[in-house]
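What you see below is based on every heavy atom in this structure, not just the backbone, and it leaves out hydrogens, waters and symmetry mates. Each ligand, and each atom within it, is numbered from 1 in the order the structure gives.
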Amino acid sequence: MSISSDSRIAVVTGASSGIGEATARTLAAQGYHVVVGARRLDRLQALADEIGGTALELDVTDEDSVTAFTTVLPRVDVLVNNAGGAKGLAPVAEADLDDWRWMWETNVLGTLRITKALLPKLIESGDGLIVTVTSVAAFHAYDNGSGYTSAKHAQAVLHRTLRGELLGQPVRLTEIAPGAVETEFSLVRFAGDQERADSVYEGITPLVAQDIAEIIGFVASRPAHVNLDQIIVAPRDQAAPSRFHRTTG
Ligand code: NAP
């Protein structure tokens with residue numbers, strides 16, 4: 001398959017649901033040819049058909065998959081590092097090593113693999129942009145969340161380090177750190193337990209994926225000399241990762 005290099009290309013990882021899917025729609029509406037990547041190709045294909053983009057299977061934890069994904073891209077103007085998530089909610093004393101490995105492989109090493117592979121193309125574009133979706137968990141530790149908070153801290157430090165290392169290159173870097181967004185995030189975190197996932201958003205008005213997509217669209221539409229470094233965004237009902245105002249009944 002060949003992708004035309006005539007229009008500006010935006011790559012969105014983890015675009016088969018939630019924030020990534022909404023972001024792909026927003027960037028397509030801004031005129032980008034959007035290349036969407038994730039493991040669930042059926043969902044990606046439906047999205048790509050809708051927005052006139054390209055769907056490519058991608059597992060950010062797999063080196064060969066990342067190589068296959070990145071080598072077919074003729075140019076890259078925008079990279080949205082969004083693939084990620086959490087598994088479990090356990091105190092350190094009961095940490096599940098497999099859950100930790102999943103979180104570190106997906107959020108940290110996944111972001112590293114894709115970013116490293118696409119850096120030359122982002123620089124070549126003459127006006128590249130890397131948006132990394134971290135979390136309020138990249139700024140705070142919270143009880144029972146160390147697997148996720150440590151991974152998001154590490155992912156954020158990788159992204160922030162690049163901001164300095166790329167000084168002088170035509171690439172901007174923006175970190176978006178959301179609080180609670182109602183997506184499939186909690187369903188994945190609690191291994192498909194819908195009731196437990198729903199309880200996360202009970203009595204609050206959470207953000208929705210579109211809220212984050214609009215912010216990423218704003219970032220991508222700034223002029224080349226404007227670098228929005230960090231954007232922390234939470235629902236009005238959330239003051240810290242585990243501090244909510246909830247209405248009951
Ligand atoms: P989501 O609906 O569960 O979406 C996660 C996306 O990541 C899916 O498209 C999933 O696709 C993809 N993904 C997971 N593992 C992958 C892998 N190995 N390779 C490629 N893609 C993979 O959750 P979301 O809320 O939109 O999450 C998006 C990002 O926002 C994540 O980095 C998350 O940590 C961050 N975030 C979320 C919240 C929140 O409250 N929702 C808050 C702060 C930050 P496949 O399963 O098809 O591969």
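Taking atom 38 (C) of ligand 1 as the reference point, the nearest protein heavy-atom neighbour is G179 O, 4.0 Å. The protein heavy-atom contact nearest to atom 14 (C) of ligand 1 is R39 NH2, 3.5 Å.
At a threshold of 4.0 Å, the pair R39-E57 does not count as salt-bridged, since none of the basic side-chain nitrogens sits closer than that to a carboxylate oxygen. Looking at K87 and D99, no side-chain N of the basic residue comes within less than 4.0 Å of a carboxylate O on the acidic one, giving no salt bridge.
By the criterion of a heavy-atom distance under 4.0 Å, both the backbone and the side chain of S17 are placed next to ligand 1. Residue contacts with ligand 1, taken as heavy atom pairs separated by less than 4.0 Å, do not involve E105 at all. Within the 4.0 Å heavy-atom criterion, the part of T106 lying near ligand 1 is the side chain and not the backbone. Using a 4.0 Å cut-off between heavy atoms, F69 makes no contact with ligand 1 at all. The proximity of A15 to ligand 1, defined as any non-hydrogen pair under 4.0 Å, is limited to the backbone.
For the pair D237 (side chain) and R246 (backbone), a donor-acceptor distance under 3.5 Å is absent. Within the 3.5 Å criterion, the main-chain N or O of M103 finds no donor-acceptor partner in the side chain of T106.
Inclusion of S16 in the set of residues having an N or O under 3.5 Å from an N or O of ligand 1 is warranted.
A cation-pi arrangement is not found for R75 relative to Y32, the charged atom failing to lie both closer than 6.0 Å to the ring centre and inside a 45° cone about the ring normal.
Ring-centre distance between F185 and Y148: below the 6.0 Å cut-off.
Under a 4.0 Å criterion applied to the non-hydrogen atoms of D59, ligand 1 contributes the atoms 17 (C), 18 (N), 19 (N). Here is the list of ligand 1 atoms found below 4.0 Å of a heavy atom in L58: 19 (N), 20 (C). Counting atoms of ligand 1 from 1 in the listed order, those under 4.0 Å from a heavy atom of I19 are 25 (O), 26 (O), 30 (O). Of all atoms in ligand 1, numbered sequentially from 1 with element shown, those under 4.0 Å from a heavy atom of T134 are 35 (C), 36 (N), 43 (C), 44 (C). For ligand 1 and T61, the ligand atoms under 4.0 Å from any heavy atom of the residue are 18 (N). Atoms of ligand 1 lying under 4.0 Å from any heavy atom of G18, numbered from 1 in the order shown and given with element: 2 (O), 26 (O). The A180 neighbourhood of ligand 1 comprises atoms 40 (O), with distances under 4.0 Å to a heavy atom of that residue.
Residue contact check for ligand 1: E21 places no non-hydrogen atom closer than 4.0 Å to it. Heavy atoms of G85 approach ligand 1 to within less than 4.0 angstrom. Not a single heavy atom of A177 sits closer than 4.0 Å to an atom of ligand 1.
Looking only at side-chain heavy atoms (C-beta outward), L73 and V76 come within less than 4.5 Å of each other.
When the options L228, V133, I130 are evaluated for a side-chain contact (heavy atoms from CB on, under 4.5 Å) with T174, the one that passes is L228.
Counting heavy atoms only, T183 comes closest to atom 25 (O) of ligand 1 of the residues V200, T183, L207.
Here CZ of R25 is found 4.0 Å from CD of E50. Values are rounded to the nearest 0.5 Å.
By the salt bridge (charged side-chain N to carboxylate O under 4.0 Å, His left out) test, D98 pairs with R101, sequence neighbours left out. In this structure, the side-chain hydrogen bond (donor to acceptor under 3.5 Å, both in side chains) partners of R40, at least two apart in sequence or on a different chain, are S16, E184.
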